[in-house]
Structure formats: C-alpha cells, structure tokens
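Just below is one structure, and these are the notes that go with it.
Numbering of ligands and ligand atoms starts at 1, following listing order. These numbers come from a predicted model, not from an experiment.
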Amino acid sequence: MPVDGRLLNPVFDNRPLSHTEDRCRACGSDRLHRFLDLGEVPLADRLLTSEWDCRAEPRFDLVVALCHECALVQLTETVRPEVLFADDYPYYSSVSRTVIDHAKANVDARLAERRLDRSSLVVEIGSNDGYLLKNYVAAGVTVLGIDPAEGPAKAARAGRVDTMPEFFTSNLAHDVRQRRGPADIVHANNVLTHADDLRGFVTGIATLLKPDGTAVIEVPYLRDLVESVQFDTIHHQHMCYFSLTALDNLLGAHGLFINRVERVSIHGGSLRVFAEKVEDRDASVLDLLAEERAIGIASRAFFDDLADDAAVLRDSLVAMIEDLRSRGHSVAAYGAAAKGAALLNACGLGRHHINFVADISTHKQGLLMPGVHIPIRPPEALFEERPEYTLLLAWNFADEILAQQGAYREAGGKFIVPLPQPRIV
Ligand code: ZN
C-alpha cells in the first residue's frame, strides 16, 4: 500500500485503504502461489474529475495467486469496499443489447424447464436496473432484486421490478427468507467475483433457496482468461477468478452441489453453473471437471506462461499504436469501463497515444480515465473528430459496438481489437 493512498484517505479515518491477504478467501489455507504481479496500479473503476483528483490518486498492489488447497485464483490485496465501490456514476445493465439478450435467453430457458408462477419467488443478487428480472415479471412470476446501487435500483422499481437497495450478506438472506419465503431460483451474474466475504455470500445463497431450488450463477471463466490472455479483466474489483473445480469446492463446502454447467460466450467466456441442495450431477459437470484436471487448471504450471503472454501482447499493442502515431495517424479508444482502464495502464498508453476515450454513459463523459488521465467523451466524438483508429477497450462487446459505429467505419475509421492478439478491423 503506497504512502500517498494513506495520506489521501478518501474515507477520512486512520485505517489503511487496503490490506494484504495471506490466506485463501475461500478455504482459509495459507498455501497461496503468487503467479502474476501487475505492480501498483490505480483503481480501474475510479474515474477522475480534475487535475487535483489525478494527483491524489491512490494505487494498490495487484498480485494474483492460486490456492493449492481449493484451486481458487484470487487477488492478494483487498481494497476496502467503501473505497472500491465508491464510484458515484452508476452502471446500467440495460445500456447493452448483448447483456439484455443474454439475460432474456437465460430467463426463457428457466421458464421452459420449471413451473413458475405468482406463488414462486425468483431472486437476483446484483439485479441492477431489473434487466433480467423484468422477463420474469412479464411472465407473471414474483421477483425480488437485491442491489446496493441506488440509481439502477430506482430504475428497476420504476419498471415494476421489486428491488431492495442493499448489499447482499448472509444476514440479509435470513431477513429476506423470513419476510418473503424461500426462493425457487436465485440468479447471481458476475457478482461472486466482487464478493468481499465469499463464504458469507455463498452461505446466503444456500439460505435463500428452497430445498428443491436452484442457484444459477455466472462467473467469467478462468480458463478463457488464461487461454485468451485477458489480463485486462484482472483488477481490484475482481477479487476472484473461477474454474469449475474451484467453484465446485467453494459451493460444496456450503452444501450446494453443481449439478449442471454451461460455457457461455458473454464477457469473453463465462461459466453458468446450476447449484442445488441435492446432488444430481449430470455429464456436463463430470466432463468439464475431467477436462480441467487434464489441462491442470489447479496446478501452478497452468499459470506459468500468463505473465510472459501478457507482456508479449502488451508490447505488440504498444508497438502497433506507436507505429500508427509515428506515421501521423490519430488514435482514440472506446469503452471507459474497468477493463479499459486496466489495459491502458498495463500498456502505459496515455494522452500522447490516445486522444480521448468514447463511452456511451453520460455519467462518465467529461471525466478522466484512472492512471492515464485520458478524457472521456460521448461516442459522437468519433464521428466529429474522425480519429483514423479506435482502440476497442470494450472488446467483450465488439459485435455490438462495431454495429453501432457503422457510420464511423463507413467514413474510413478503423478499430483495433486488442485481444487475443492486436488486429485492425
Ligand atoms: Zn483455498
């Protein structure tokens, strides 16, 4: 933890802003193998308002480790939640067509395989603006969303999606169960990776579920991260990175069995697991666990090349952009999300490389990217300024963004897709 972070403590007390874990977040073992050190980096989601804000920007160690006991891959540094999630610009799931379509297909499949009606209860943890639960509401199913982000929770309620603006904890799970009864289905998409108290979170899911209920949990898949060198998805808000093996160990320790698993393409490759209180594993689980054993996903050798692969990718992306700049071309970027900030900082791409970052969120426009301090502008800036190249930071939404930016591309603008190898489209 750097000195400037302590001096400029944004929460005004004497406790440090972060602490280093020497034990596994899931199983408590001290057998952690640190395999990737990305140095001291700024918080990838903390956009800056001013030059003064830039000078006061805290940085934190970003080190990734594998637990030899339970196979969980995790950060060794924990930034205090009130610092980590202090951003006051809300993220609305419904701004992405990809996310909306993915959620609707998920709900349609659940409705097709289980009888659900007004007397049923479906809960989503991290329900955002109701982008997923609204599909159950339309089918006449009773829902409850849980999400601490006020703005999106308010938008959800306005759309008839009953939502509690709270952090999910095991205590909250008890309250909900007492007041609303147990749940038939609990959805948790991309929230387990953010859980500060992993064990409390999973206990809470088990508390919420009926004896025959199902938890449908999605997490970015560690194997895709490693194989496609998605090192920009590693940042302080993502405290854990899951294989099926690790997830199975974690849920199993809290009385939940993964009975089915699907690999889904969203966010560069994710796992969707179906966890229940009675063990009834199908072939999808046994097969994927066997595949993970075969590639050695729980062993340190699986992670040996990641640091080198990330360095090669970083160098080739920087070389490509510096070459374009040296030939007089202008370069912008698209997508002011955490992974964009992580990539720019890891590559050291600053204002002298990238003129601005375009982003669709009005809450981000006018602010500066963490660390590299590049200004954020509306997507229309691409068409107005006509940078010849645009680095696609939000590569997980490549299809959607390339389609939206048809006019820019027809006018001759080109996109640089950074992963798994930098290429121009
Ligand atoms: Zn462990």
Can you tell whether the side chains of [X] and [Y] come within less than 4.0 Å, N to carboxylate O?
X	Y	value
Glu400	Arg97	no
Arg300	Asp304	no
Asp61	Arg34	no

Is it the case that more than 12 heavy atoms not belonging to Lys210 sit under 6.0 Å from its NZ atom?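 It does: Lys210 NZ has more than 12 such atoms within range.
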
Could you check whether any side-chain heavy atom of Val107 comes within less than 4.5 Å of a side-chain heavy atom of Leu132, counting everything from C-beta outward?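 Yes - at least one pair of side-chain heavy atoms lies under 4.5 Å apart.
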
Only protein N/O/S atoms count here: give how many lie under 2.8 Å from the Zn ion (ligand 1).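 Protein heteroatoms (N, O, S) closer than 2.8 Å to the Zn ion (ligand 1) number 4.
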
Let me check something: any side-chain donor-acceptor pairs from residues 370-377 under 3.5 Å, sequence neighbours excluded? List them with distances.
{"residue": "His373", "atom": "NE2", "partner": "Glu57", "partner atom": "OE1", "Å": "2.8"}
{"residue": "His373", "atom": "NE2", "partner": "Gly371", "partner atom": "O", "Å": "3.4"}
{"residue": "Arg377", "atom": "NH1", "partner": "Glu385", "partner atom": "OE2", "Å": "3.1"}

